[in-house]
Amino acid sequence: MLGPVLHRLNSKRICLASGSPRRRELLNGLGLKFEIIPSQFDEKSLQKPSFPHPSNFVEESSRCKAGEVLERVRSKVDIIIAADTVLSFEGDILEKPKDAGDAIKMLGRLSGQSHHVYTGVTIVSLLDNREAPQSLTFHECTQVTFAELSKAVIQSYVDTKEPLDKAGSYGIQGLGGSLVTGINGDYFNVVGLPIHQVSCQLVKLIGEV
């Protein structure tokens with residue numbers, strides 16, 4: 001998707017407002033040149049019950065993350081990409097577990113069930129006007145189905161510590177992938193960034209400049 005405009009994008013100063021190694025790897029895989037400036041916005045400051053749908057929550061969280069970085073680096077970058085990923089199950093928004101015990105509880109709930117993963121993305125462009133940047137926010141949703149998990153399987157997975165920094169307590173790109181029987185939608189969205197949508201929006205953005 002980015003091939004025809006990649007040289008133009010790579011002539012711009014692009015910032016990924018996330019410290020996630022998974023998002024960094026996904027953008028690297030697209031051939032993009034970018035710097036990492038993690039947002040200091042705390043998504044826990046958002047009241048999840050006040051949002052009518054998980055998609056509204058992740059979109060607002062990504063907007064806030066992008067906005068926080070924008071205030072710090074407005075004069076230094078051309079494009080900011082911010083994202084937030086959560087898992088939704090039975091009406092609850094599941095983020096990263098508080099500890100190993102919390103991860104065990106989450107995985108127990110997800111065992112043998114389907115859930116949805118939402119990633120909200122905000123792209124801010126300062127290419128035309130640094131004082132009045134353009135901002136675009138969107139989200140992607142993917143359905144994921146888990147196998148029936150025994151207590152032993154859950155405990156051994158949590159013991160690897162892989163779940164402890166993952167939304168929903170698993171990483172589909174790692175050992176957690178063996179827990180998944182199927183997905184419906186964008187796999188990379190579950191990893192942390194819907195790269196097709198992101199690519200399409202970047203193409204549109206650079207084409208308008």
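- Residues that satisfy the side chain to side chain donor-acceptor pair (under 3.5 Å) test with Arg63, not counting sequence neighbours, are Glu60.
- Lys65 places no side-chain N or O within 3.5 Å of a backbone atom of Gln40 that could act as its donor or acceptor partner.
- Using modelled atom types, one side-chain atom of Asn10 and one backbone atom of Lys33 make a donor-acceptor pair closer than 3.5 Å.
- Residues meeting the salt bridge (Lys or Arg N to Asp or Glu O under 4.0 Å) test with Lys48, sequence neighbours left out: Glu95.
- For Asp42, the salt bridge (Lys or Arg N to Asp or Glu O under 4.0 Å) criterion is met by no residue, not counting sequence neighbours.
- Contacts of Phe51 classified as ring pair (Phe, Tyr, Trp, His ring centres under 6.0 Å), with partners at least two apart in sequence or in another chain: Phe57.
- Residue pairs meeting the ring-ring contact (aromatic ring centres under 6.0 Å, His included) criterion with at least one partner in residues 2-47, sequence neighbours excluded, are absent.
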Give every donor-acceptor pair under 3.5 Å between a side-chain atom in residues 139-147 and any protein atom, sequence neighbours left out.
| unit_1 | atom_1 | unit_2 | atom_2 | d |
| --- | --- | --- | --- | --- |
| His139 | ND1 | Glu59 | OE2 | 2.8 |
| Glu140 | OE1 | Gln197 | NE2 | 2.7 |
| Thr142 | OG1 | Asp186 | N | 3.3 |
| Thr142 | OG1 | Asp186 | O | 2.9 |
| Thr142 | OG1 | Asn189 | ND2 | 3.1 |
| Gln143 | OE1 | His116 | NE2 | 3.4 |
| Thr145 | OG1 | Ser114 | OG | 2.6 |

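- Here Leu9 pairs with Leu2, Val5, Ile14, Leu32, Ile79, Leu202, Ile206 under the side chain to side chain contact (heavy atoms under 4.5 Å, CB included) rule; sequence neighbours left out.
- For Arg23 (side chain) and Gly192 (main-chain N/O), a donor-acceptor pair under 3.5 Å exists by modelled atom type.
- Remark: Ser50 engages Gln47 in a side chain to side chain contact (heavy atoms under 4.5 Å, CB included) (not counting sequence neighbours).
- Shown here are the salt bridge (Lys or Arg N to Asp or Glu O under 4.0 Å) partners of Arg74, two or more places apart in sequence or in another chain: Glu71.
- Residues Leu126 and Leu70 form a side-chain contact, since some pair of their non-hydrogen atoms from C-beta on lies under 4.5 Å apart.
- Within the structure, the salt bridge (charged side-chain N to carboxylate O under 4.0 Å, His left out) test picks out no pair touching residues 148-164 (sequence neighbours left out).
- By the 6.0 Å contact criterion, NE2 on His53 is enclosed, its count of non-hydrogen atoms from other residues, nucleotides or ligands being greater than 12.
- The side chain to side chain donor-acceptor pair (under 3.5 Å) contacts involving residues 163-182 comprise His115-Tyr170, where partners must be two or more places apart or lie in separate chains.
- In this view, Ser20 satisfies the side chain to side chain donor-acceptor pair (under 3.5 Å) rule with no residue, not counting sequence neighbours.
- Classification of Asp102 and Lys96 as a salt-bridged pair fails, no side-chain N sitting under 4.0 Å from a carboxylate O.
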